[in-house]
Amino acid sequence: MTHEFKKIIAAYKEQHTMGVTCVLASVVGLEGSSYRRPGVRMLLAANGKIVGAVSGGCVEKEIAVQAVSVFKTGIPKVITYDGRYRLGCEGILQILIEPFAPTEEGLHKIEAVLRSRDYLEIHSYYLPEFKENSAFGSTVVLAEEQIPLGNTLIDPKDLDCFKQKLAPCFRLLIIGGEHDAVKLCEFATLTGWEVTVVVDPRDAKHISDFPGAIKLIETDAAALEVSIDKQTAVVLMTHSFSKDLSYLIKLKDCFPAYFGLLGPAKRRENLFAELWEQQPNISEDFMAQIKGPAGLDLGAETPEEICLSILSEILTVIRRKDAKPLLQKKDRIHL
């Protein structure tokens with residue numbers, strides 16, 4: 001959800017520059033099942049622009065209607081949306097609607113945390129009853145400081161509090177710049193992941209060649225300097241045996257959330273054999289983490305289908321799930 005919050009911040013800054021007031025809607029409570037979990041948010045601007053969504057599209061119309069009073073009075077409110085009778089989702093949502101007007105200083109601090117890839121915590125104070133209350137609202141908690149997202153300080157006394165910890169945006173590091181890397185970049189960007197692409201300087205690539213990428217690194221393996229944390233997936237797809245080998249050697253001490261290697265199993269075994277030959281002390285844990293061939297068996301053939309296969313496997317790994325049809329799932333989809 002962090003990438004959605006970043007989009008809300010960016011949209012607010014654009015609207016604020018034009019003098020347009022904004023309202024934030026946040027799902028803070030849920031009974032039963034729903035399309036999205038509590039913590040999802042959307043921004044509504046007075047000029048009609050909407051960024052984000054809290055459902056598949058059914059709840060947003062009601063939020064827009066209920067937000068009119070918040071635009072008019074500046075007083076936050078909580079609404080209850082019963083999807084059992086309208087959507088068939090068997091869920092009751094509590095949605096906090098509040099003015100969104102963080103200070104410029106507050107925005108700078110929030111954006112600094114997002115850039116540093118640190119965790120961000122949001123506290124939303126409310127009561128589940130349908131009512132207006134000037135004490136309702138949300139704050140971003142940074143160390144000992146609380147930054148109100150609305151235009152007033154919040155008194156949390158006697159209020160319920162929904163707490164949400166936002167992890168850094170998930171990042172995908174694509175090593176390789178061929179056609180399939182472009183497609184993988186596009187598809188990963190649609191999920192909200194931050195994509196960095198690494199290419200050989202001799203390939204003469206530009207960041208515009210990779211729609212959605214936030215960074216292009218032009219370097220060979222030996223000179224590669226990149227931070228890889230547990231919120232990062234790596235996909236090695238240079239289509240060059242020697243280059244893949246060089247990058248494996250360079251990254252031999254890295255343990256990302258996911259490490260995928262493009263190409264058939266025979267090629268992987270040949271790469272591993274050469275890797276053992278050149279790096280006899282390489283960690284077995286490093287070797288064991290590599291998913292090669294990368295992707296789930298979806299019957300993928302085209303570059304686009306292969307991208308879906310790879311992204312699907314990444315999701316199963318980082319969410320600790322076994323891929324199976326939801327039809328076979330006996331529990332709720334969201335636990």
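In what follows, residues are counted from 1 in the order of the sequence shown.
No donor-acceptor pair under 3.5 Å is formed between the side chain of Glu98 and the backbone N or O of Gly137. Ser309 places a side-chain N or O within 3.5 Å of a backbone atom of Leu296 that can act as its donor or acceptor partner. Judged purely by atom type and a 3.5 angstrom limit, Ser312 uses its side chain to pair as donor or acceptor with the backbone of Leu308. A donor-acceptor contact shorter than 3.5 Å is absent between the side chain of Lys183 and the backbone of Glu304. For the pair Arg117 (side chain) and Cys169 (backbone), a donor-acceptor distance under 3.5 Å is present. Side-chain atoms of Arg41 come within 3.5 Å of backbone N or O of Gly39 as a donor-acceptor pair.
Using modelled atom types and a 3.5 Å distance limit, the side chains of Lys77 and Gln66 yield a donor-acceptor pair. Under the 3.5 Å distance criterion, with hydrogens and angles disregarded, a donor-acceptor pair is assigned to the side chains of Glu313 and Tyr258. There is a side-chain donor-acceptor pair under 3.5 Å between Asp180 and His239. Side-chain contact of Thr238 with Ser240: a donor-acceptor pair under 3.5 Å is absent, judged by distance alone.
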Taking it one step at a time, do Arg202 and Asp200 satisfy salt bridge (charged side-chain N to carboxylate O under 4.0 Å, His left out)? CA-CA 5 Å; Arg202 294 168 294 184; Asp200 190 301; 2.8 Å; yes
Under the side chain to side chain contact (heavy atoms under 4.5 Å, CB included) rule, what do Leu142 and Glu121 come out as? Steps first, then yes or no, please. CA-CA 7 Å; Leu142 303 178; Glu121 192 162 331; over 6 Å; no
Kindly indicate, with the supporting measurements, whether the criterion salt bridge (charged side-chain N to carboxylate O under 4.0 Å, His left out) is fulfilled by Glu104 and Lys13. CA-CA 9 Å; Glu104 187 173 345; Lys13 291 173 66 176; over 6 Å; no
From CA spacing to verdict: side chain to side chain contact (heavy atoms under 4.5 Å, CB included), Val235, Phe259: CA-CA 6 Å; Val235 177; Phe259 200 135; over 6 Å; no
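The CD1 atom of Ile110 lies 4.5 Å from the CD1 atom of Ile147; values are rounded to the nearest 0.5 Å. Remark: Ser208 OG to Leu216 CG distance equals 9.0 Å, nearest 0.5 Å.
Listed here is the closest heavy atom pair of Val23 and Ala67: CG1-CB, 4.3 Å.
Within the cation-pi definition used here (under 6.0 Å to the ring centroid, within 45° of the axis), Lys252 does not qualify as a partner of Phe286.
Listed by first and then second residue, the salt bridge (Lys or Arg N to Asp or Glu O under 4.0 Å) pairs involving residues 212-222 amount to none (not counting sequence neighbours).
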